[in-house]
Amino acid sequence: MPQGQPSVVPEDGLTTRQRRNRPLVVVHTGMGKGKSTAAFGLALRAWNQGWPIGVFQFVKSAKWKVGEENALKVLGASGEGGSVAWHKMGEGWSWVQRDAQLDNEAAAREGWEQVKRDLAAETYKLYVLDEFAYPMHWGWVDVDEVVQVLRDRPGTQHVVITGRNAPEKLLEAADLVTEMSKVKHPMDAGQKGQRGIEW
C-alpha cells in the first residue's frame with residue numbers, strides 16, 4: 001500500500017495512528033458524473049471492513065433502481081461483510097406515515113431527522129447521504145445545523161455527502177472534498193443514459 005507523506009503535520013497533540021483513524025466528513029460535488037458512484041465505491045470498502053452502512057437517498061425517485069442498491073443489499077445480506085440499510089425518500093422511510101400529500105421537502109427534512117437520530121445512536125459506521133447537497137442548496141435543510149451535527153457526532157462515524165452545489169459552509173467543514181468536473185458526456189451529443197453506466 002502506498003505510504004503517502006502529508007504536506008503538513010498539524011500540532012493537534014494526536015499520534016499518527018489517532019489522526020489516521022479520525023472519522024471523516026467527505027463531500028463529492030460538482031457538475032460531473034460520478035459523485036454517487038464514488039460514494040458507493042467507499043461503501044464497498046466499508047462493507048469489506050465489516051462496517052454497518054446506512055444509505056440515505058434524498059432526491060432520486062423512489063422508483064429509480066440504481067445498480068449499487070441491489071449489489072450492496074445482496075452483499076449486506078451475505079453475512080460476509082458489514083450490514084447495509086438502504087433508505088429512499090418516498091419509499092422505505094418507515095418513520096414517516098404513508099401520506100400521498102407528503103412532498104419532497106417534508107420527506108427530505110424527515111430523512112435528515114432520521115440521520116440525526118442514527119448519528120446520535122451511532123447506528124452505522126458509514127453514512128452515504130446521496131444527493132443530500134440538494135436539500136441544503138434549496139434551503140429545505142439548514143446548512144448550519146448540518147455542519148454542527150456532523151461536527152458534534154459521537155464515535156467514529158464517517159459521513160459521505162453527494163450532490164451538485166454543495167454549500168460553501170459544508171465544504172469548509174468537510175475533511176475531504178472532491179469536485180467532479182464534466183469535460184465531456186455522451187448526453188451532450190443526444191445519447192440517453194444506458195444500463196450498466198447510469199444505473
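Screening residues 164-173 for side chain to side chain donor-acceptor pair (under 3.5 Å) gives D144-K169 as the qualifying pairs, with residues at least two apart or on separate chains.
For the 3.5 Å distance criterion, the side chains of T29 and K35 fail to qualify, holding no donor opposite an acceptor.
Side chains of V159 and V115 form no contact here, defined as non-hydrogen atoms less than 4.5 Å apart. Counting heavy atoms from C-beta on, the side chains of Q57 and W86 come closer than 4.5 Å. By the 4.5 Å heavy-atom criterion applied to side chains, R153 and V25 are counted as neighbours.
For N70, the side-chain contact (heavy atoms from CB on, under 4.5 Å) criterion is met by V74, not counting sequence neighbours. When the side-chain contact (heavy atoms from CB on, under 4.5 Å) test is applied to A71, no partner is found at least two apart in sequence or on another chain. Residues satisfying the side-chain contact (heavy atoms from CB on, under 4.5 Å) criterion with K116, sequence neighbours excluded, are W112, E113, E145, V149.
Nearest heavy atom pair, residue A133 against residue A166, reads CB-CA, 3.9 Å. Between R151 and A173, the shortest heavy-atom contact is NH2-CB, 4.5 Å. Closest heavy-atom contact between V160 and A39: CG1-CB, 3.7 Å.
A ring-ring contact (aromatic ring centres under 6.0 Å, His included) with F132 is found for exactly one of F56, Y127, F58, namely F58.
Relative ring orientation between W138 and W140 is described as tilted, the plane-to-plane angle lying within the 30° to 60° band.
Interatomic distance, CZ of R22 versus OG1 of T156, reported as 12.5 Å (0.5 Å rounding). Atom-to-atom distance recorded for L72:CG and I53:CD1 is 6.0 Å, nearest 0.5 angstrom. We find the NE2-CG distance between H137 and L170 to be 13.0 Å, quoted to the nearest 0.5 Å. Between T37 atom OG1 and D130 atom CG the span is 9.0 Å, to the nearest 0.5 Å. In this structure, OH in Y134 is found 8.0 Å from OG1 in T162, a value given to the nearest 0.5 Å.
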Run V27 and L171 through side chain to side chain contact (heavy atoms under 4.5 Å, CB included) and show every step you take.
CA-CA 7 Å; V27 177; L171 301 182; 3.8 Å; yes
Applying side chain to side chain contact (heavy atoms under 4.5 Å, CB included), run through L119 and Q157 and close with a yes or a no.
CA-CA 8 Å; L119 285 167; Q157 301 174 96; 3.8 Å; yes
Show the atom names and distances, to 0.1 Å, of all donor-acceptor pairs under 3.5 Å that link a side chain in residues 176-186 to residues at least two apart or in another chain.
unit_1, atom_1, unit_2, atom_2, d
K182, NZ, D188, OD1, 3.0
K182, NZ, D188, OD2, 3.2
H185, ND1, M187, N, 3.0

Identify every side-chain donor-acceptor pair in residues 42-52 under 3.5 Å, counting partners at least two apart or on other chains, and give the distances.
unit_1, atom_1, unit_2, atom_2, d
W47, NE1, L75, O, 3.0
W47, NE1, G82, O, 3.3

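Taking 4.0 Å as the cut-off between side-chain N and carboxylate O, K88 and E131 do not count as a salt-bridged pair.
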